[in-house]
Each structure stands twice: as structure tokens, then as C-alpha cells.
Amino acid sequence: MKARDSAAWPWLGLVLLIALSIAFLLPVTPQDYWWYLRIGRDTLAAGAVPRLDALTFSRAGIPVDYQSWGAAVLFWLVYRLGGLSLTVLLRGVLLAVTYALAWAAARRGGAGRLSASLVLLAAVLTSSNNWSVRPQLLAYPLFALALWILCKWQNGEKEFNTKNTQEHIGENIQRNASIPSSWNFVVKNFFRKDQNYLYWLPLIMLVWVNLHGSFVMLILLSGAALVFGRGDRRSLGLAFAGVLLATLVNPRGFGTWSYVYQSLTVPSSQLFSAEWLPPVNTGWQMNIFFLWLLGMPVLAALAKRKLSALEWAWFLGFGILALWGERYVIWFVLILAVLTPSLLADWESKTLGRSKMNVAAINLAFSLLFVLLPLAFLPGLRSAWWKQAPAVTENTPVAATEWLAAHPALPGPLWSEIGFSSYLEFALPQRPTWIDTRFEVFPVQQWQAYKAITDGRQDWEKLLDGAGVNLLMVSPPNQPDLLSALKRSAGWCSLYSDDIAVIYQRCGSGK
């Protein structure tokens, strides 16, 4: 990002224009958002992270682990301050920082301005299906920052002009006799070349471990660098030790590792959550992903510049993770966004050469313009000029929940579609739900029953009878078979209906 290379800035600005436009236009989906707002609100109200389930009636009082409590609190504060408009802006800022850092890491590795930007655009388009407002979103810039730091370390860049800083402070100490000589030792050691930017890694972990369970990615990223990298291993080893210790700085201490183990092994997530299943080559985004995955080794073999042992370790390690579960694809794509452009650097230098448009002020102005233009797509702004602007939320039963809140005498309990449950748990906490999107909280049998009811199978009414349910909130787009079964049943009566949700009551259960 140096001024002498400012011709690259507008290219980055153009990619961020596209990324921010998508981020601001994507709807806020309910799955892992609304119930996190509830947890954030409850955490601040109680002054402690909840330890027992209070969101559902089916699992009420059982121990739960909200490892992403920090993200929940942050999301709630942002929502309370600026609603969904500020929430969507936060998403855009987080993603812009993430991809800008990946671009900067690629450029640091020798990538040309065009190849780094085009590859980054491919990364944006491929991974945009992982941009839901959820705790993992907060981890993306932390991963990209760690990747940038480790690329800097790998290239042998050890200091931020620490020599001049050390000499300057040392001279001040010598001029002031009242300062003990021991301070000179402290200053010289604090500003040692092996004690600067690498020590951001434990700080990154300190934040990450309280935001999302994906903090393990930092251990994998830096651990691979420690084993396969060519930088100063002593410095990285000390930083890596700090990273491991920082994982314990959270409300549960060692318990956070049990959460990670449970997340990786609990059958409910592995069997019923699509993001835990291996990715399938369906849809244009997965088409790009698999083409990129298969083409990368070929490009590495043909390119003049060869991948290092660390780069191969990152490619293979995170590539295996991406093939293991769809939720890991975005981490691998960020790795690809850094590695791929460096293999195209020789081709770009021969084909395009250096840009003559290197006026820093002009390039900076265009870059800022590109980044600011997407603000027109923010919720609350776009409706002023776009009559048919897309909805801010998706699969969120706002009107149905307001209707239900206005009829508190309706007997429960309530059974609802899992996305609806997330919103209900936040907006109508006095109506606990039967199941929601916390896959690890509910046993396999309950998920099997949920699927059977959703599919309108032969025993769907018997399953609802067993749960003692008297109210249903059904999603017509997501549960058409259940809706058809309800219309045929003599035991359920329709109370409310709109395009998003339908509410049914057990006939004769009172109003």
C-alpha cells in the first residue's frame, strides 16, 4: 500500500465496490442472528453469560455453552444503537477489511495489481454465500490479519523500523539521568526485532476465542508456519505459545476446548446441518470453487514462481478442511486469494508492465469513491431512491410475531420452523420454542422428529401430540408439505396467514 505503487489502489477499490454492494444488499437471515441478539441482551442484563437454556421449553434448564458470547454482546449493542442498518454496515466493514487484508498479503508476496485484484474478485464471488450475519463473520478479518502477519514473517520482514525507535528512546534515556538504567534494558528488549508485529497474534487470539469457535484456525495457520515456514522460528515460537495461552482467556477457561470437541463430534450437527457436510458441486459458486481447487496445482506446476513448503501446507491443510465441510470453504478461499496471484506475477509483469498512472492523490480519490458508492445500498438509504429495493430480512416472521404478541391468551406451547424460532426467541421471549438452529443443543431424536413434522409424514400429528404442542408457526416456502397436511387435517385450525408465516391452533384448544 505504498504511495509509489498507488496505481494498484483503484483496482482494490473496484473489487471492494462489488463486495460492499453485495454485502449491503444481501438480506439478514434469521438462523444464527436473532437468538444471538437474545443471548447478548441477556448477558448484559445479568452481567454473566447464560449457563442454562432459557430459549426453548423442550430443553429448558439444561446446561448450554455460548462460546460466542462476545459476538452476541457486540451484535446486540450494534442492533440497539442502529438497528439492522448499522448491522448491515458492520457486515460490509468487516468483509471489506477481510478482503483488503487478503489483497495486501497477496501483494506483499509479489502479486501484480491486476492478478491480485481479479483473484480477489473471484474470492469475493465464491465465498459470498458465507456472509450471513453470525459470529463467524467477526472472525474473517482476524484470520486475514493473521495471514497478512504470517506472510510478512515468511518473507523475512522482521521489523517496523524498530532500530530507529530503539536508538531514539535510548538516547532520551541517556540524557535523563533520573531514569534508572534498567529501563534501557527494558526498552531494548521490548523493541527487539523478534518482538514486534508477531505479538499481535496472541492479541488476535484473545479477541477471537471470545467471538467464535473457529479460533482454532489461528492455531492451524500459525502452527503450520512454525513447522514449515522460513522466518525466525524463535520469534514465532514465542508468539505461538502466547496464542495457545490466550485460548484460556474466556469465561470457561479450558472448557472452551470441550466446546470445540463437542462441535466437531456431536451427531446432530454432523447429520442435520448442511454446513457441516462436504461441499457439493452445485451452483455457480461451487463451480468456481472446485475449478479453482483443481486448477491450483496445475497453475503451481506451470508457474515460474514456485510455492514454498508453508504455502503448500496451507493449501493442502485448509483444502482438506474445505472438502470435509462446507463451513470451511471460506477459510480456504482466503488462502487461495493470497497464494494464487503470486503464481501469475511473472505473466502479468511481461504482459502489462508497470502502470504510468501513479499519481497517489488521484488513485486514492478514485479508490475512496469506489468504496463509498455502495453506501447508497444500505437499508434505510436505498428505499429513498429505489422503489423496489430488496427486503432487509429473509424468512423473518415480523408481522406474524407481532400478531402473536397481541394474542397472549392463545394456549401454547409453540412449535415453529427453526428460522422462525430464532426470531421468536428474540422478539417474543415469553413464547419459548420447541427447537431452533442450535444443532448441538438438541438430540438426534428431536431433529428426526422435526424433520418428520416438516415433511408432513404420516406420524406428524402424533409427534406434535407427544410434545404437547397447541400452536404452530409454519413457513410456506420452507415447509410446504407440512402446510398441505395441516390443510387436510381436521384437528388444526388456521388463525393467521401472510406471505412469510402461517399460524395454526389445535382446534378446540381455546382462543
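Residue numbers start at 1 and run along the sequence shown.
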Can you tell me if [X] and [Y] form a side-chain donor-acceptor pair at under 3.5 Å?
X      : Y      : value
Thr396 : Tyr33  : no
Ser132 : Gln31  : no
Ser214 : Trp331 : no
Gln479 : Thr454 : yes
Asp32  : Thr437 : yes

Neighbour count >12 (heavy atoms, 6.0 Å) for atom CD, Gln458
no

Residues, nucleotides or ligands: over 12 heavy atoms within 6.0 Å of Asn281 CG:
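Counting neighbours around CG of Asn281, more than 12 heavy atoms of other residues, nucleotides or ligands fall under 6.0 Å, so yes.
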
Heavy-atom donor-acceptor pair, [X] side chain to [Y] backbone, under 3.5 Å:
X      : Y      : answer
Gln270 : Leu264 : yes
Asp455 : Arg457 : no
Ser421 : Ile435 : yes
Tyr140 : Ile330 : no
Asn210 : Val249 : yes
Thr126 : Ile288 : no
Thr433 : Thr56  : no

Note, [X] side chain near [Y] side chain (heavy atom, < 4.5 Å):
X     : Y      : value
Asp53 : Arg438 : yes
Leu95 : Ile22  : no
Leu26 : Arg91  : yes
Tyr99 : Val15  : no
Leu89 : Leu375 : yes
Pro30 : Asn395 : yes

Step by step, work out the ring pair (Phe, Tyr, Trp, His ring centres under 6.0 Å) result for Phe426 and Phe75.
CA-CA 12 Å; Phe426 168 71; Phe75 282 153; over 10 Å; no

Measure from the ring center of Trp292 to the ring center of Phe289 and say whether it is less than 6.0 Å.
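For Trp292 and Phe289, the ring centres are not under 6.0 Å apart.
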
Are Trp403 and Tyr496, when compared by the centres of their aromatic rings, separated by less than 6.0 Å?
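Ring centres of Tyr496 and Trp403 closer than 6.0 Å.
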
Identify the residue among Val243, Val209, Asn250 that makes a side chain to side chain contact (heavy atoms under 4.5 Å, CB included) with Phe215.
Val209

For the pair [X] and [Y], name the ring-plane relationship: parallel under 30°, tilted 30 to 60°, perpendicular over 60°.
X      : Y      : result
Phe377 : Trp385 : tilted
Trp34  : Tyr79  : perpendicular
Trp324 : Tyr328 : parallel
Tyr66  : Trp35  : tilted

Assess the residue pair Leu271 and Trp447 against the criterion (side-chain contact (heavy atoms from CB on, under 4.5 Å)); give the C-alpha distance rounded to whole Å, side-chain angles, the decisive distance to 0.1 Å, and a yes or no.
CA-CA 9 Å; Leu271 294 173; Trp447 282 110; over 6 Å; no

Using a strict threshold of under 4.0 Å (side-chain N to carboxylate O), is an ion pair present between Arg506 and Asp465?
yes

